[in-house]
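Note on naming: letters A, B, ... go to the chains in the order of the sequence lines (proteins, then strands), and numbering restarts at 1 for each one.
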2 protein chains.
Amino acid sequence: MKLRIGELARRTGLTVRTLRHYDQIGLLTPSGRTEAEHRLYSETDLRTLQQIQSLKAIGLPLGQIRAVLQDPGHDPQRVIAQHIRVLEEGLARQRALLERLRRLDLAGASWSDLTEVIGMSEKVERMLDTARRVGEQPRFDDEQMKYLEGRRAEVGEARIQEVEAEWPRLMAEVLREMAAGTPASDPRVLDLARRWRGLVAEFTGGRADIGGTLNESYRANMTPEMQAMWSYIGEALGHLQ
Amino acid sequence: MKLRIGELARRTGLTVRTLRHYDQIGLLTPSGRTEAEHRLYSETDLRTLQQIQSLKAIGLPLGQIRAVLQDPGHDPQRVIAQHIRVLEEGLARQRALLERLRRLDLAGASWSDLTEVIGMSEKVERMLDTARRVGEQPRFDDEQMKYLEGRRAEVGEARIQEVEAEWPRLMAEVLREMAAGTPASDPRVLDLARRWRGLVAEFTGGRADIGGTLNESYRANMTPEMQAMWSYIGEALGHLQ
DNA sequence: CTTAGAACCGGACGTTACGTCAGGATCAAG
DNA sequence: CTTGATCCTGACGTAACGTCCGGTTCTAAG
């Protein structure tokens with residue numbers, strides 16, 4: 001008992017276009033065709049489709065569904081657990097965003113007020129985040145704090161934004177060289193090390209004690225990948241002199 | 001002091017490609033070009049871009065950002081409040097999905113077990129949802145409930161799935177005719193009314209008392225749009241005989 | 001003045017999961 | 001034989017860019 005595409009669509013609540021799409025991406029290829037190339041789906045196809053619908057209902061992307069159906073060697077627990085983690089991450093981001101939005105004081109704000117408020121909110125979040133990541137254990141002493149605040153006023157807001165934007169790019173480049181296996185003594189890496197040193201110097205104003213405190217702080221609470229990067233750039237910095 | 005695209009990218013932490021994209025979609029058109037057609041951004045452009053970054057940071061789609069920037073007549077409170085509602089909806093869906101996933105009993109399940117479990121879970125959700133929407137006030141009496149359960153067993157699971165899939169399609173078509181201003185006496189609408197009557201009959205088994213109870217229930221807790229549809233299809237049903 | 005490398009240009013494809021035509025072939029019923 | 005329903009392939013659109021390409025232009029060093 002073969003089904004034509006329209007029949008199958010009616011029975012499953014999907015559209016004809018969707019079924020053709022699944023065929024196109026190799027997710028569900030009809031087990032037969034008529035002489036006129038009309039698709040014919042078997043009952044096995046229907047059962048496969050129901051599995052697809054189930055997995056789609058829990059939010060698995062079609063690519064992953066195809067992977068698990070074609071290679072049942074995938075462990076259900078692992079795939080689902082991984083998927084749950086992905087969902088949790090997205091959920092956490094959404095929730096944080098929403099909370100921040102709710103905290104904004106909207107009363108009587110114009111667009112320019114609003115963008116400014118949001119901008120401030122962003123900066124506060126970044127500072128909090130950095131503070132959190134650095135950890136609170138090896139804090140700067142009062143004198144050091146005062147010095148840092150002074151520097152902040154000195155270099156100006158604009159430059160601070162530039163520096164903040166520069167860090168992720170620099171880290172990304174370092175990670176790329178690391179992944180490519182470039183030795184830390186390579187000229188390209190030495191260049192990166194110089195930029196690194198420059199950014200750190202902009203923050204610390206060149207004071208070695210502040211740099212040391214920072215270094216300790218970061219070293220204490222880093223992910224393995226960050227530690228690897230730290231060692232790598234440390235070696236390159238050593239080669240600089 | 002005009003900035004070239006690379007400069008602006010460095011200062012804002014965006015990529016060159018992103019800025020070109022913003023130009024392409026008319027979100028941020030550079031205020032000038034060199035003779036060689038290289039983009040030149042003014043400080044005003046930079047400020048606009050910072051506003052864009054702020055609004056993007058709260059998750060507003062670029063299309064809406066463009067709209068509010070081009071026509072500041074948009075009320076900030078309204079736009080933000082609307083955006084918050086959109087985020088809340090998405091969040092609720094995500095959360096519900098995640099909870100359902102967590103409730104699944106994964107221990108030792110194979111893929112076929114898993115899809116079956118998910119399928120069951122889906123059906124339960126749909127039933128709960130329907131029950132919720134119909135409301136609990138004008139409930140069926142015991143005799144009616146027994147009758148309905150009997151019918152459910154009678155028509156079989158497969159047909160139930162088909163019918164459940166048919167409803168949204170039918171409603172969508174009715175809404176389309178309504179929106180197009182087709183009179184309820186139009187043959188096309190009468191056809192839809194016949195299909196409607198058929199689906200209701202499949203559920204009630206033709207018993208007028210059950211149909212009446214259902215009708216009351218729905219009528220009591222409908223959105224305005226659904227009420228309009230209800231009247232429309234009611235009129236068409238009247239024309240049938 | 002030339003040349004190499006950096007920066008710039010527009011154009012096009014890829015990503016996700018389909019919706020929506022367009023133009024044409026096939027099928028069932030009258 | 002002619003409709004009307006159903007089917008086919010192909011192609012564009014969606015959101016927000018990333019990535020690659022082949023071809024200019026700019027800038028600094030030689």
Quiz item: When the nearest nucleotide of DNA chain D is assigned to B:Gly63 and to A:Leu40 on a heavy-atom basis, which residue is associated with the more 5' position?
Solution: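 Nearest-nucleotide comparison on DNA chain D picks A:Leu40.
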
Self-check item: B:Arg66 CZ: over 12 foreign heavy atoms closer than 6.0 Å
Solution: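 For B:Arg66, atom CZ is crowded (more than 12 foreign heavy atoms under 6.0 Å).
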
So does [X] get a side-chain nitrogen or oxygen closer than 4.0 Å to the phosphate oxygens (OP1/OP2) of [N]?
| X | N | result |
| --- | --- | --- |
| B:Thr15 | D:dC17 | no |
| A:Arg20 | D:dC8 | yes |
| A:Lys56 | C:dC18 | yes |
| B:Tyr22 | D:dC17 | yes |

To the nearest Å, give me how far apart [atom1] ([X]) and [atom2] ([N]) are.
| X | N | atom1 | atom2 | value |
| --- | --- | --- | --- | --- |
| B:Asp23 | D:dC17 | CG | P | 14 Å |
| B:Gln64 | D:dT14 | CD | P | 16 Å |
| B:Arg17 | C:dT15 | CZ | C1' | 13 Å |
| A:Leu8 | D:dC7 | CG | P | 10 Å |
| B:Glu37 | D:dC26 | CD | C1' | 15 Å |
| B:His21 | C:dG10 | NE2 | P | 15 Å |
| A:Ile65 | C:dT16 | CD1 | P | 13 Å |
| A:Ile52 | C:dT16 | CD1 | P | 17 Å |

Quiz item: Do A:Arg4 and D:dT6 have a side chain to base donor-acceptor pair shorter than 3.5 Å?
Solution: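 Such a pair does not exist between side chain and base.
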
Practice problem: Would you check, one step at a time, whether the test side chain to side chain contact (heavy atoms under 4.5 Å, CB included) holds for B:Asp45 with B:Leu3? | Solution: CA-CA 9 Å; B:Asp45 291 338; B:Leu3 302 170; over 6 Å; no

Quiz item: Are B:Asp191 and B:Arg188 ion-paired here, with the side-chain N under 4.0 Å from a carboxylate O?
Solution: no

Quiz item: Can B:Glu88 and B:Arg85 be counted as an ion pair, charged N to O under 4.0 angstrom?
Solution: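 No.
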
Indicate, with a heavy-atom threshold strictly under 4.0 Å, whether [X] touches base, sugar-phosphate, or nothing.
| X | answer |
| --- | --- |
| B:Arg33 | sugar-phosphate |
| A:Thr34 | nothing |
| A:Arg39 | sugar-phosphate |

Exercise. Would you mind telling me which residue lines up with the more 5' stretch of DNA chain C, A:Glu35 or A:Ile25, judged by nearest nucleotide?
Key: A:Ile25

Practice problem: Starting from the 5' end of DNA chain C, give me the residue, A:His38 or A:Pro61, whose nearest nucleotide shows up first. | Solution: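 On the 5' side of the pair lies A:Pro61.
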
Quiz item: So B:Arg10 and B:Glu7, salt bridge (charged side-chain N to carboxylate O under 4.0 Å, His left out) or not? Walk me through it.
Solution: CA-CA 5 Å; B:Arg10 268 199 321 96; B:Glu7 257 303 287; 2.3 Å; yes

